[in-house]
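In what follows, a single structure is set out as structure tokens and then discussed.
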Amino acid sequence: MSGFDLDLFVIGGGSGGVRAGRMSAAFGARVAIAEEYRYGGTCVIRGCVPKKLLVYAAQFAEEFEDAAGFGWEVGPRSFSWPRLIAAKDREIDRLSGIYVRLLENAGCEVLQGRARLTGPHEVQVGERTWRARHVLIATGGRPVMPGIPGIEHAISSNEAFHLPELPRRVVVVGGGYIAVEFAGIFNGLGARTTQLYRGEQILRGFDGDVRQHLAAEIVKKGIDLRLRTDVRSIARQADGSLAVTLTDGGALEADCVMYATGRRPNTEGLGLAELGIALGPNGAVRVDEFSRTSLPHVFAVGDVTDRINLTPVAIKEGAAVAATLFGGTPTRADHEDVPSAVFSQPAVGTVGLTEEQARARGLGVDIYKTTFRPMKHTLSGRDEKTLMKLVVDAGSQRVLGAHMVGPEAAEIVQGLAIAIRMGASKADFDRTVGIHPSAAEEFVTMREKWQPPRQAAAE
Ligand code: NDP
């Protein structure tokens with residue numbers, strides 16, 4: 001180890017960097033980690049965790065209403081956004097502190113400040129420079145917004161977590177995870193919510209049935225979803241409200257315009273280009289299957305590599321780097337059958353291939369799908385439907401994908417993901433006994449192959 005102060009310098013204290021740092025230290029490596037903002041990264045500080053807390057808050061509105069069908073009399077209710085935000089901030093502070101302690105307890109040197117590569121093995125933070133045998137870039141990403149006139153009046157999800165009050169009228173721009181989730185949060189909490197998406201249907205890349213089904217459900221819940229339109233300009237009016245003009249000729253008034261139009265890797269100012277580390281067109285660090293950059297001793301994991309931008313994937317990538325470098329087990333990042341959820345209302349859970357992806361691969365597919373009213377709503381009277389769908393390889397009968405829109409979709413699909421990764425067949429699903437009464441049992445009781453309407457009529 002001579003000549004090096006450290007075995008690993010990790011730049012970025014988010015999910016991927018922290019896991020890699022802790023695991024490397026546990027393998028006996030000398031590790032330092034630097035974070036310029038708050039330990040925990042996007043997921044803990046201004047992503048998954050605070051978002052999920054806001055989703056819980058938003059769901060209460062319907063819970064109070066639904067309770068009436070079960071004999072409850074719920075009195076007058078009111079909602080305090082500042083109280084919710086303060087409670088959320090306390091929890092985020094707690095979690096960020098835990099991240100720091102976990103690193104310290106693992107024996108990592110925990111630094112606060114912006115790190116920069118000043119030589120192939122040199123990392124500088126403030127006045128100090130370290131010589132590190134290996135470097136891991138785990139600097140994440142940040143929201144991007146298009147440069148339309150008046151974009152300075154819009155916020156991103158970063159600011160949405162710190163609004164001083166709940167806006168009365170919100171326009172959410174985008175059709176991806178973040179836009180769909182925040183439209184649901186604002187709408188649930190009582191803001192008049194319009195969601196604008198430039199394409200044909202929200203959640204591009206998800207299964208077509210899921211996209212249609214969720215769009216119909218969120219519209220029922222009161223979101224004014226407008227497809228095939230976008231913002232042309234935003235202007236601040238004399239009364240402080242925002243005038244939003246649309247590409248379809250329409251206009252909206254709002255108190256807040258939130259953009260969720262994608263994220264970009266944080267690679268600027270780190271000294272990467274100067275060292276010849278290859279970057280992709282959107283600035284993402286290019287890596288091989290071991291998360292190794294074009295400089296063999298420099299690695300990168302998580303959103304900064306723009307592969308699958310999900311926290312658990314970054315964690316696995318970070319763990320794989322630690323195992324490769326210090327655990328004596330060269331480990332590839334694993335991107336097969338990654339399950340994910342959109343915490344919309346109702347939620348989406350998905351794993352494996354969509355019907356469209358399976359067909360695009362030239363596979364013959366059997367489709368099983370069902371829509372039904374969740375049992376709870378037989379008494380609540382709420383008009384909400386759940387969708388479940390299995391995509392099955394017609395030849396091998398292997399289940400290629402499972403998709404769901406409905407309450408607890410994330411909890412249900414997590415378990416299915418294990419079966420699908422193990423190569424379960426439709427017959428394996430069929431011979432599994434359901435848990436009754438549950439929604440999840442539908443996944444093991446779908447017997448009828450779905451037929452396109454025309455074909456069904458002909459038979
Ligand atoms: P996404 O890339 O998922 O979605 C971006 C959306 O904005 C798309 O609908 C896209 O449209 C639209 N868009 C892009 N550029 C423009 C533009 N110039 N004008 C108008 N619309 C535009 O990004 P998100 O910001 O929603 O999320 C980033 C990533 O974070 C996700 O991909 C996901 O990996 C991760 N994430 C995961 C969550 C989870 O697991 N629950 C939650 C939140 C984030 P089009 O489809 O036409 O390109």
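One-based numbering, in listed order, for ligands and for the atoms of each.
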Which of the numbered atoms in ligand 1 are under 4.0 angstrom from any heavy atom belonging to [X]?
X      : result
Gly176 : 3 (O), 4 (O), 6 (C), 8 (C), 9 (O), 26 (O)
Glu181 : 41 (N), 42 (C), 43 (C)
Asp230 : 19 (N), 20 (C)
Ala341 : 39 (C), 40 (O), 41 (N)
Lys51  : 41 (N), 42 (C)
Gly262 : 5 (C), 23 (O), 25 (O)
Arg263 : 28 (C)

*Of all heavy-atom pairs between Leu310 and Ser340, which one has the smallest distance, and what is that distance?*
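For Leu310 versus Ser340, the nearest heavy atoms are CD1-CB, 3.8 Å.
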Among protein heavy atoms, which lies nearest [atom], and at what distance?
atom                    : value
atom 21 (N) of ligand 1 : Thr261 CG2, 3.4 Å
atom 9 (O) of ligand 1  : Gly175 N, 2.8 Å
atom 32 (O) of ligand 1 : Tyr177 CD1, 3.9 Å

Can I get a per-line list of side-chain donor-acceptor pairs under 3.5 Å for residues 412-426, giving both atom names and the distance, sequence neighbours left out?
| unit_1 | atom_1 | unit_2 | atom_2 | d |
| --- | --- | --- | --- | --- |
| Arg421 | NH1 | Asp334 | OD2 | 3.2 |
| Arg421 | NH1 | Glu336 | O | 3.2 |
| Arg421 | NH2 | Asp334 | OD2 | 2.7 |
| Ser425 | OG | Ala427 | N | 3.3 |
| Ser425 | OG | Asp428 | N | 3.1 |
| Ser425 | OG | Asp428 | OD2 | 3.1 |
| Lys426 | NZ | Asp430 | OD1 | 2.6 |
| Lys426 | NZ | Asp430 | OD2 | 3.4 |
| Lys426 | NZ | Met446 | O | 2.6 |

*Before signing off on this row, confirm whether Phe343 and ligand 1 have an N or O atom pair separated by under 3.5 Å.*
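N/O-N/O distance below 3.5 Å does not exist for this pair.
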*Which one of Val180, Ile178, Val338 has a non-hydrogen atom at the shortest distance from atom 26 (O) of ligand 1?*
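Answer by nearest heavy atom: Ile178.
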_Check Glu384 with Arg373, please: is the shortest side-chain N to carboxylate O separation under 4.0 Å?_
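Looking at Arg373 and Glu384, the cut-off is not met.
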*Answer yes when Arg382 and Asp66 have at least one side-chain N-carboxylate O distance shorter than 4.0 Å, and no when they do not.*
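Here Arg382 pairs with Asp66 in a salt bridge, since their nearest N and O are under 4.0 Å apart.
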*Is the CZ atom of Arg192 crowded by more than 12 outside heavy atoms at less than 6.0 Å?*
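It does not: Arg192 CZ has 12 such atoms or fewer within range.
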*Is atom CZ of Arg204 surrounded by more than 12 heavy atoms (other residues, nucleotides or ligands) closer than 6.0 Å?*
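Atom CZ in Arg204 is not crowded, with 12 or fewer foreign heavy atoms closer than 6.0 Å.
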_Among Lys221, Lys220, His377, the one residue meeting side-chain hydrogen bond (donor to acceptor under 3.5 Å, both in side chains) with Asp383_ =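 Of Lys221, Lys220, His377, side-chain hydrogen bond (donor to acceptor under 3.5 Å, both in side chains) with Asp383 is met by Lys220 alone.
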*Under 4.0 Å from ligand 1, counting heavy atoms only, is it the side chain of Ile202, its backbone, both or neither?*
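Neither; no heavy atom under 4.0 Å.
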*asked:* Taking 4.0 Å as the limit for heavy-atom contacts, which would you say applies to Pro146 with ligand 1: side chain only, backbone only, both, or neither?
replied: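 Side chain only.
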*asked:* Is it the case that the side chains of Arg264 and Asn282 hold a donor-acceptor pair, with the cut-off being a distance below 3.5 Å and no angle test?
replied: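 Note: Asn282 and Arg264 side chains miss the donor-acceptor criterion.
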*asked:* For the residue pair Glu217 / Gln345, report whether a side-chain donor-acceptor contact shorter than 3.5 Å exists.
replied: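 Not at all, the side chains of Gln345 and Glu217 share no donor-acceptor pair under 3.5 Å.
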